[in-house]
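Note that the structure is a prediction, hence the values are computed from the model and not measured. Order of listing sets the numbers, starting from 1, for every ligand and every atom in it.
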Amino acid sequence: MDTYSKLIANRGFVDLPVSAEIDLISEIQRLKREKNAVILGHYYIVPELQDIADFLGDSLALAQQAAKTQADIILFVGVHFMAETAKILNPDKKVLVPDMKAGCSLADSAPGPDFESFVRLHPNHVVVSYINCSAEVKALSDVIVTSSNAKKIVESFPENQKIIFAPDKNLGNYLNSVTGREMLLWDGACMVHEKFSLEKIIELKQNHPEAELIAHPECERPVLMVSDYIGSTTALLNYISVSKSQKFIVATESGILHQMKLNTPEKIFIPAPSVDATCGCNDCSFMKLNSLKKLYLALLYEQPEIILDEALLAKAKVPILKMLELSQ
Ligand code: 13P
Ligand code: SF4
């Protein structure tokens, strides 16, 4: 194992000292130009990283952007499954992440071998998987969806088609309720969206009767049932611009509030409280592993890099391309 690989295996990134004299933002911009790199970022990363991303988006927009980039290097600032998706779409490009340990509890809830056994137990089902899953799970799927296009893609199958939906049972339940399907659900969930407290949300609604509750479909059913609007991160952002309301209770990861405030500074946003007020549970601890220093180090050393087995990559690409085709 070379020195970089040892550092990455230990800490998740090339943990070498950076002089306090260095202006990280201008160095990142310089390295990006020199190396023809592009920075793709998800709405849940911290505001200072959102502000330096070349493209900021939800999972679908990021996959679409990754599919058409002309850059030689993609620095993906989000979580591992998103960078893996970018690599699957760009096998010949270098895809870097600031921290290899930025994973996803939802993707981790469906280990490849367990999911394979589940799929084998249920023949005659098509496999629809949420993009928040590993390359192994993608390779076992017929089509990938995101929260932006899931309803449309599920409805593209004949009504009598048996469907497995994985890994998010909350999104799966929501889709079953809006499509009338009875998809067989894998029992996975996101540790951030599962932690919102229904009792505290209802209390907030009572204290702010003029506020609308907007929620991501990864939230549990009781929270969705009392929501005024349900949608992907991009759909929530669009909704606050068109809604007449001035105040919103936001039931998704707190990073999104930065774009909401930038888009509509005159409106008021209240983060939905989680079960434990002291835990900061509505922050995704994986997304928050990304930092300016790690972005700089990743561009400088071109590490950590997403490497995938070629056969796995080829299999996982098929359902992602299907999703991109169905999303047009
Ligand atoms: P979207 O950005 O697609 O809405 O997904 C949210 C999420 O949990 C990403 O991990
Ligand atoms: Fe995964 Fe949840 Fe974090 Fe999204 S918010 S990356 S689903 S753990």
Side-chain angles (χ1 to χ4, degrees), residues 40-46 49-50 53 55-66 76-86 97-111 128-134 137-138 144-153 165-172 174-175 186-196 214-220 223-224 227 229-240 250-260 271-272 274 279-290 320 323-324 327:
L40 304 185
H42 188 269
Y43 291 127
Y44 293 166
I45 58 179
V46 292
L49 301 186
Q50 294 190 28
F55 183 86
L56 198 63
D58 68 357
S59 310
L60 175 62
L62 287 166
Q64 287 167 328
Q65 195 65 26
F76 210 112
V77 192
V79 291
H80 189 268
F81 77 81
M82 296 178 176
E84 213 171 48
T85 305
V97 290
D99 190 326
M100 213 44 147
K101 293 197 174 164
C104 168
S105 63
L106 183 49
D108 290 348
S109 67
V128 179
S129 295
Y130 189 33
I131 198 164
N132 298 37
C133 65
S134 65
V137 170
K138 287 188 174 78
I144 300 302
V145 300
T146 74
S147 43
S148 284
N149 57 22
K151 180 172 178 285
K152 180 177 168 187
I153 293 180
F165 184 82
D168 189 5
K169 63 178 175 195
N170 294 317
L171 177 61
Y174 170 69
L175 289 169
W186 179 265
D187 187 14
C190 157
M191 65 181 189
V192 178
H193 290 87
E194 240 190 357
K195 285 269 169 66
F196 290 114
I214 58 172
H216 194 281
E218 286 177 22
C219 293
E220 289 183 321
V223 170
L224 296 181
S227 295
Y229 182 78
I230 299 164
S232 67
T233 47
T234 298
L236 297 181
L237 271 172
N238 293 340
Y239 182 72
I240 57 149
V250 183
T252 190
E253 211 271 355
S254 61
I256 191 85
L257 268 70
H258 179 55
Q259 288 307 309
M260 290 182 168
S274 45
C279 76
C281 303
N282 51 4
D283 279 341
C284 173
S285 52
F286 299 111
M287 290 279 183
K288 271 33 180 195
L289 281 176
N290 296 297
I320 300 175
M323 169 186 82
L324 293 177
S327 306

Determine the minimum heavy-atom distance between Pro167 and Leu106, stating which atoms define it.
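Reported closest heavy-atom pair: CG-O, 3.8 Å.
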Val79 versus Phe286, closest heavy-atom pair with distance:
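Minimum heavy-atom separation between Val79 and Phe286: CG1-CB, 3.8 Å.
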Counting only heavy atoms closer than 4.0 Å, does ligand 1 sit against the backbone of [X], its side chain, both, or neither?
| X | result |
| --- | --- |
| Tyr44 | side chain |
| Leu60 | neither |
| Glu218 | side chain |

Contact (N/O only, under 3.5 Å) between [X] and ligand 1:
| X | value |
| --- | --- |
| His193 | no |
| His216 | yes |
| His42 | yes |

Where ligand 2 meets Cys284 - atom numbers and elements under 4.0 angstrom, heavy-atom basis
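Under 4.0 Å from Cys284, ligand 2 has these atoms: 3 (Fe), 5 (S), 6 (S), 8 (S).
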Ligand-residue contact atoms, ligand 2 with Ser105, heavy atoms, under 4.0 Å:
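So the atoms of ligand 2 that pass are 8 (S).
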For residues Phe76 and Thr85, determine if any side-chain heavy atom of one lies less than 4.5 Å from a side-chain heavy atom of the other.
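Counting from C-beta outward, Phe76 and Thr85 never come under 4.5 Å.
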Heavy-atom side-chain proximity of His80 to Cys104 below 4.5 angstrom
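Contact flag for His80/Cys104 side chains = no.
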Glu253 and its side chain to side chain contact (heavy atoms under 4.5 Å, CB included) partner, picked from Glu218, Lys288, His216:
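So, applying the side chain to side chain contact (heavy atoms under 4.5 Å, CB included) to Glu253 and each of Glu218, Lys288, His216, only Lys288 qualifies.
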Give, for atom CG of Asn149 and atom OG of Ser232, the distance between the pair rounded to the nearest 0.5 Å.
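One finds 9.0 Å between CG of Asn149 and OG of Ser232.
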Just how far is it from atom CG of Leu224 to atom CD1 of Ile230, taken to the nearest 0.5 Å?
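If I round to the nearest 0.5 Å, the distance is 4.5 Å.
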With a 4.0 Å cut-off on heavy atoms, does Ser147 reach ligand 1?
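Contact check Ser147 vs ligand 1: positive.
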Non-hydrogen atom of Tyr130 closer than 4.0 Å to ligand 1:
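Distance cut 4.0 Å: Tyr130 passes for ligand 1.
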Is a donor on one side and an acceptor on the other found under 3.5 Å between the side chain of [X] and the backbone of [Y]?
| X | Y | result |
| --- | --- | --- |
| Asp283 | Ser285 | no |
| Asn290 | Gly78 | yes |
| Trp186 | Gly172 | no |

Nearest neighbour in protein (non-hydrogen) for [atom]:
| atom | value |
| --- | --- |
| atom 7 (S) of ligand 2 | Asn132 ND2, 3.2 Å |
| atom 2 (Fe) of ligand 2 | Cys190 SG, 2.3 Å |
| atom 10 (O) of ligand 1 | Asn132 ND2, 3.2 Å |
| atom 3 (O) of ligand 1 | Ser59 OG, 2.9 Å |

With a 4.0 Å cut-off on heavy atoms, is Glu218 touching ligand 2?
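For ligand 2, residue contact (heavy atoms, under 4.0 Å) with Glu218 is present.
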With heavy atoms of [X] as the reference, note each atom of ligand 1 found under 4.0 Å away.
| X | answer |
| --- | --- |
| Met82 | 9 (C), 10 (O) |
| Asp58 | 1 (P), 2 (O), 3 (O) |
| Ser232 | 4 (O) |

When the ring planes of Tyr229 and Tyr239 are compared, do they come out parallel, tilted or perpendicular, using 30° and 60° as the limits?
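Tyr229 vs Tyr239 ring planes: parallel.
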Quiz question: by atom type and distance under 3.5 Å, do the side chains of Asn282 and Ser254 form a donor-acceptor pair?
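Note: Asn282 and Ser254 side chains miss the donor-acceptor criterion.
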Give a yes/no answer: is there an N/O/S atom of Cys104 under 2.8 Å from atom 3 (Fe) of ligand 2?
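It does not: Cys104 brings no N, O or S atom closer than 2.8 Å to atom 3 (Fe) of ligand 2.
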